[in-house]
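So that the names make sense, note that chain A is the first sequence line, chain B the second, and so on, each numbered from 1.
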Amino acid sequence: MPNIFTVSPDFTPSHLSGWYIFNTWLQRATNEPIRLTLYDNFFNQRQAIEEDVIDLIYANPYDAAMLVRDKNFQPLVKPEGGHDEAILVVNVDSQVQDVADLKTYSIVAVTDDPDVTMMGMIMLEAGDLDNNNVRFLPCMNYVLVAKQLIQGNANVGIFLAEAFDDMSNFVKKQLRVLVRGQIGIIHHSLMMGSKLQEKHDQIQRILLDMNNNDKGRKVLESLGFEQWLVVDDEEMEFMIDLMDTLVTGD
Amino acid sequence: MINDMSPDDIDGEYKEATLILYGNITRKVFFSDREIPYPDGKLIVSRTDLDGIITHVNKSFVDMSGYEEAELIGMPHSILRHPDMPSVAFKDLWDTVHGSRKWQGFVKNLRKDGAYYWVKATVIPNIRKGKIVGYTSVRRKPSRTKVDESIRLYSSLTE
């Protein structure tokens, strides 16, 4: 039975091939059978985690608590400089200049990306908006969030900063950043389940060494960052504590 | 040990008060009417040990408090205590987190330069292997409505 590897469904589309390349590289480097299985959305991925199908995951921080505390996953590494940040965006012609200008029952365009939506909602709290007094407009991806704002169907949109910044200038010119999150402490992590646990230290060393050879560097390049950094148990616990202060913040 | 504030650090006109902090420690503070707005999009994060002694602060904490990081580490978290905050709010905080529960509230913090800033604070116990080993506090931007409500409530509790 191969080890099943999965990636948080919020990965940037341009890095899709990168994750397949990484999977092949990791399989060779560790001499372990590993198969990349991707899920269309967080719901399906969580179901697979729940059914103990997953052995290795590049996890959204929102899922870290469940992975560590309920499923005994252990953290391995995180991408250097790869913090998740959210941005609140409005139509360029919107009268809204400050979060406080948004009215109760504003329409908020969101994807199903859980940590980004959570961070976006924290920024909206400063305008007395919360899950109970906004109307969510769910979108399949960030391009559709932009479209809903441009067409005037939403008052504000919540974006992953990286996704917004990667949009074309044509799209960005029709939008305006209301608030840019600068939290700097929430990140995705590569984590492993109990089946691989005795190889934890070996796999962690292999990953940390990736940027020291040409082949590894090219694989990292295809993922969009330069190196992996260690995430130890305490750092992961700290991030879970932080998420806990933010998740059920009302 | 926490020192009294220094009038030399205060920007502009100020008033003075003596606070009685946790552990019966007294501290003379100087404070002005100048409010520093909470910056958009940021979180202030700190960690303390079981006695409320600061062990970690992030950059936003340093920037908003006006202290250097080295001045904060090893100090009681009450270094930010503003005289307008009723002591009952902090008693509720400690009672809640000692019971392994999350505390949330609106807090007026005192800066080193005597100015103040409002936050929405969440404090949780850090539980490792079933034991509380410290506390994490995360502050975010509060809405003006909540700040105004808190001003009314706290002034009635400190009168």
Original post:
Can you check salt bridge (Lys or Arg N to Asp or Glu O under 4.0 Å) on E234(A) and R47(B), steps first, answer last?
Top reply: CA-CA 13 Å; E234(A) 181 49 35; R47(B) 298 174 86 178; 2.7 Å; yes
Original post:
Is the CG atom of D33(B) crowded by more than 12 outside heavy atoms at less than 6.0 Å?
Top reply: no
Subject >> Rounded distance (nearest 0.5 Å) linking atom CD1 of I240(A) with atom CD1 of I127(B) >> reply: 12.5 Å
Subject >> Whether over 12 other heavy atoms sit under 6.0 Å from I20(B) CD1 >> reply: no
**OP:** Look at atom CD of E226(A) and say whether more than 12 heavy atoms of other residues, nucleotides or ligands are closer to it than 6.0 Å.
**Re:** no
Subject >> More than 12 heavy atoms of other groups within 6.0 Å of Y105(A) OH >> reply: no
Subject >> Atom NZ of K91(B) with >12 non-hydrogen neighbours under 6.0 angstrom >> reply: no
Subject >> NZ/NE/NH1/NH2 to OD/OE distance under 4.0 Å, R128(B) and D241(A) >> reply: yes
Original post:
Has K71(A) got more than 12 heavy atoms of other residues, nucleotides or ligands less than 6.0 Å from its NZ?
Top reply: yes
**OP:** Would you check if D128(A) and K146(B) make a side-chain contact, meaning some heavy-atom pair closer than 4.5 Å?
**Re:** yes
Original post:
At a heavy-atom separation under 4.5 Å, does I185(A) approach chain B through its side chain, its backbone, both, or neither?
Top reply: side chain
Original post:
Which distance, rounded to the nearest 0.5 Å, do you find between the NZ of K42(B) and the CE of M123(A)?
Top reply: 13.0 Å
Subject >> Separation between OG of S143(B) and CG of D130(A), rounded to the nearest 0.5 Å >> reply: 10.0 Å
Original post:
Contact part of V45(B) toward chain A, heavy-atom cut-off under 4.5 Å: side chain, backbone, both or neither?
Top reply: side chain
Original post:
How many angstroms lie between OG1 in T122(B) and CG in D244(A), if you round to the nearest 0.5 Å?
Top reply: 9.5 Å
**OP:** Determine whether more than 12 heavy atoms belonging to other residues, nucleotides or ligands lie under 6.0 Å from atom CD of E80(A).
**Re:** yes
**OP:** Kindly indicate whether the side chain of L246(A), heavy atoms from C-beta on, has any atom under 4.5 Å from the side chain of V138(B).
**Re:** yes
Original post:
Should we say atom CD of E68(B) is surrounded by more than 12 heavy atoms from elsewhere, each under 6.0 Å from it?
Top reply: no
Original post:
Can a salt bridge be assigned to the pair R140(B) and E125(A) using a cut-off of 4.0 Å between side-chain N and carboxylate O?
Top reply: yes
Original post:
Which value, rounded to the nearest 0.5 Å, describes the distance between D40(B) atom CG and L88(A) atom CG?
Top reply: 9.0 Å
